[in-house]
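Everything quoted here is computed from the prediction, not taken from an experiment. Throughout, a chain's letter reflects where its sequence line sits, starting with A, and its residues are numbered from 1.
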Amino acid sequence: MRFTKLITKTMRTDPAEAEMPSHRYMLKAGMIYQVASGVYAYLPLAWRSLRKIEAIIREEMDAAGGQEIRMPVLQPIELWQESGRSEAFGDTLFTLQDRRDRTMVMAPTHEEVISYLAKTYIQSYRDLPVIPYQIQTKFRDERRPRGGLIRVREFDMKDAYSLDADEDGLEASYQAMAQAYRNIYKRCGLPALMVEADSGAIGGKDSHEFILPAPTGEDTVMTCTKCNYAANLEKAHGVKPPLPEETPLPLEEVSTPGVKTIAELARFMGIPENKTLKAVFYNADGEVVFVTIRGDLEVNEVKLRNHLKATDLHLATEEEVRRAGLIAGYASAVGLDGIRRVADDSVLLGSNYVVGANKPDTHLRNANYPRDFQVDDLLDIALAQAGQRCPCCEGVLESARGIEVGHIFKLGTFFSDTLGVHYLDREGHQQPVIMGCYGIGIGRLLAAAIEQNHDDKGVLFPTPIAPYHVHIVGLNLSDANVAKAADGIYESLWKEGIECLYDDRLEETAGVKFNDADLLGLPVRLVVSQRTLKTDSVELKRRGEESSVLAPLESVAEKLKDLLSA
RNA sequence: CGGGGCGUAGCGCAGUGGUAGCGCGCAUGGUUUGGGACCAUGAGGUCGUGAGUUAGAGCCUCACCGCCCCGACCA
């Protein structure tokens with residue numbers, strides 16, 4: 001591609017609205033064009049990159065036994081009502097009315113259609129397993145689109161669905177997909193972490209996310225320094241540091257006027273925060289729930305919501321707390337009744353805690369479980385913390401930010417049960433099909449790749465997903481000899497199968513061209529100029545490296561192939 | 001949905017009641033040419049939309065729309 005023929009241009013000034021690097025550089029480089037909040041046009045450079053990602057995904061999905069299909073975006077809402085997911089998705093679901101005033105859904109995902117498809121074609125265990133997949137546009141009316149292509153309302157996704165006869169089959173399909181995913185990220189040049197993830201409202205047993213580490217990521221992952229334990233913070237377990245055992249002392253009231261927070265309490269009493277119990281009040285689908293946890297830990301709301309099986313979980317308002325008879329700042333499980341009490345198992349890991357007395361300006365010393373208080377549920381609901389011990393080995397947990405670039409789920413029989421997807425086993429008995437689903441957001445993967453690979457001048461594309469391999473910069477192109485040489489190199493490299501973007505602009509200065517080359521971030525920059533031609537050579541430089549080399553004209557293609565495969 | 005910010009030329013912005021501007025980009029001509037050159041001339045604007053206040057509104061008032069950021073939310 002010649003720069004002068006490209007329908008886009010680069011910008012000189014940073015777009016003011018874009019804060020995340022991937023967003024800023026994609027706009028600045030003319031890779032994407034915003035049409036509405038969370039809705040973008042993909043322009044030639046981005047599109048080439050996206051097509052390369054798709055090609056890698058297709059190859060790996062096919063190699064793993066997938067079969068590409070194409071399902072409709074437009075779907076009758078009845079499908080979603082039957083599965084119950086029109087409610088679960090709520091206003092994230094894009095809907096519209098057709099001419100007969102029937103409500104149609106712009107599909108956010110395709111389990112429903114896959115299930116109906118399976119009802120038609122899956123009749124016997126002989127028909128299983130199968131893994132249909134597609135690459136297609138999804139629509140989700142996100143509450144807050146953000147960060148360019150990171151979170152959008154219309155996006156391309158590869159979604160695959162495994163249909164199996166039994167749990168072992170699901171396990172095999174799941175592992176095959178997990179391996180395909182590892183291959184995909186590796187081939188894209190992107191080191192993604194596979195981490196245990198929360199499986200969300202639909203449930204199911206297992207779920208893993210693929211996270212690309214990047215400081216601007218929305219997710220936090222906990223990884224072990226020693227073994228390969230890795231989990232999303234929402235799901236992660238850390239070993240809670242136990243406290244030395246003490247002889248239980250008698251419960252004792254202490255006056256603590258104005259002391260409300262754990263920090264204040266610890267300071268006031270002259271004890272560490274882990275010698276206190278924190279009380280937190282939640283509203284779970286309208287019911288106020290009392291939650292207690294050791295003072296040095298925080299509640300993991302995802303774990304709590306899963307345990308309570310709540311659709312909506314949020315901190316209770318002051319009014320709700322008051323109506324429930326709780327005294328904020330001085331609450332504890334001691335003597336508490338008539339309200340659901342949930343405790344983190346950290347209450348077991350210490351003794352003689354300082355807790356609220358359930359009356360104003362008063363705390364209790366030496367509270368011990370279960371001597372002094374009881375709870376309805378006792379389980380792990382704590383947020384893992386960096387520095388805690390790994391649940392699997394002697395290692396220590398570290399935390400890092402990252403972007404979710406893939407998610408795989410063992411769905412189990414949720415859809416089969418709800419929508420009636422069955423097959424006959426060897427004995428002629430009807431069995432539910434066991435499902436798994438596997439998604440990769442294509443555009444987000446591109447954005448995440450840029451989040452992870454950029455500097456202050458622009459993008460550093462990993463070679464496998466770069467729109468072109470080589471950025472040819474022609475300087476002094478008003479000199480006919482240089483122009484001829486540059487054109488010649490451009491033509492001959494394409495013949496060698498090396499994809500080139502050729503900056504053939506006559507009027508731009510060297511500085512402008514170099515800056516654009518840095519912005520676009522193709523793996524290798526090739527400069528042709530009067531200067532290089534004096535020695536019948538061109539200059540080659542890898543993006544991100546300072547040093548460049550001169551390569552003789554006759555061996556340019558060879559030299560480039562070396563550089564690109566390095 | 002709660003909080004904050006912003007809508008003026010393609011991009012970035014100034015303009016606090018009195019002729020709509022600046023920088024970049026764009027067009028033409030010329031001089032330049034290895035890290036965002038220079039000179040000259042020029043094109044380009046329903047000032048987000050609608051009502052209102054005023055003799056007069058880009059500017060004041062109200063409503064609406066859109067976009068960004070934080071949070072909530074996110075099979």
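Note: A:Y181 and A:Y438 have perpendicular aromatic rings, judged against thresholds of 30 and 60 degrees for the angle between ring planes. Ring orientation note: the planes of A:F94 and A:F139 are nearly perpendicular, at an angle over 60° on the 30°/60° scale.
Not a single side-chain contact (heavy atoms from CB on, under 4.5 Å) links A:K484 to another residue, sequence neighbours left out.
Summarising the base pairing, B:rG42 is matched to B:rC26 through a Watson-Crick or G-U wobble pair whose two defining distances lie under 3.5 Å. Both distances falling under 3.5 Å, in either a Watson-Crick or a G-U wobble arrangement, place B:rG21 opposite B:rC13. Remark: B:rG52 base-pairs with B:rC60. Criterion, Watson-Crick or G-U wobble with two distances under 3.5 Å. Figure legend. B:rG7 is base-paired to B:rC65; pairs are counted as Watson-Crick or G-U wobble with both atom distances under 3.5 Å. Pairing for B:rG36 is absent, with no Watson-Crick or G-U wobble pair whose two atom distances lie under 3.5 Å. Pair assignment for B:rG2: B:rC70, on the basis of Watson-Crick or G-U wobble contacts that are both within less than 3.5 Å.
Taking the six-membered ring where the residue is Trp, the centroids of A:Y40 and A:Y33 are separated by 6.0 Å or more. Proximity of the aromatic rings of A:F409 and A:H407 is defined here by a centroid distance below 6.0 angstrom, and this criterion is met.
No engagement by A:M20 is indicated, since no non-hydrogen atom pair under 4.0 Å with the nucleic acid exists. A:L27 comes within contact range of no nucleotide atom at all, as no heavy-atom separation falls under 4.0 Å. Contact annotation for A:T109: base contact, defined as any heavy-atom pair under 4.0 Å involving a base atom. Across all strands, A:N515 comes closer than 4.0 Å to base atoms (heavy-atom distances). Within 4.0 Å of A:S207, counting heavy atoms only, lies no atom of the nucleic acid at all. Among the atoms of the strands shown, only primed sugar atoms or phosphate atoms (P, OP1, OP2) are found under 4.0 Å from some heavy atom of A:A36. Looking at heavy-atom distances under 4.0 Å, A:G147 makes contact with sugar-phosphate atoms alone, never a base. Across all strands, A:R305 comes closer than 4.0 Å only to sugar-phosphate atoms, never to a base (heavy-atom distances). Residue contacts shown for A:R146 are limited to sugar-phosphate atoms, with no base heavy atom under 4.0 Å away.
Taking the ring axis of A:Y174 as reference, the NZ or CZ atom of A:K410 stays within 45° of it and closer than 6.0 Å to the ring centre. A cation-pi arrangement is absent between A:R2 and A:Y502 under the rule of less than 6.0 angstrom and at most 45 degrees off the ring axis. The cationic group of A:R543 does not satisfy the cation-pi geometry with A:F461, failing either the under 6.0 Å distance to the six-membered ring centre or the 45° limit from the ring axis.
Out of B:rG35, B:rC69, B:rC26, the shortest distance to the side chain of A:R144 is found at B:rC69. Set against B:rA72, B:rC67, B:rA37, the side chain of A:V512 has B:rA37 as its closest nucleotide. Comparing atom distances between the A:K28 side chain and each of B:rC73, B:rG36, B:rA75 picks out B:rG36 as nearest. Here B:rG35 is the nucleotide among B:rA75, B:rU33, B:rG35 with the atom lying nearest to any side-chain atom of A:K457.
At most 12 heavy atoms of other shown residues, nucleotides or ligands fall within 6.0 angstrom of atom CD in A:E87. Counting non-hydrogen atoms of other residues, nucleotides and ligands closer than 6.0 Å to CD of A:E319 gives a total above 12.
Distance check on atom C1': B:rG7 versus B:rG50 gives 16 Å, rounded to whole Å.
Whole-Å rounding puts the A:K9 NZ to B:rG36 P distance at 21 Å.
A:R12 contributes no side-chain N or O that forms a donor-acceptor pair with the base of B:rG35 under 3.5 Å.
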(request) Do nucleotides 4-15 of chain B as a string where each nucleotide becomes B, S or -: B if the base has a protein heavy atom under 4.0 Å, S if just the sugar-phosphate does, - if no protein is that close. (result) -------BSS--

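Within a heavy-atom distance below 4.0 Å of RNA chain B, the residues of residues 527-547 of chain A found are A:V527, A:S529, A:R531, A:T532, A:E539.
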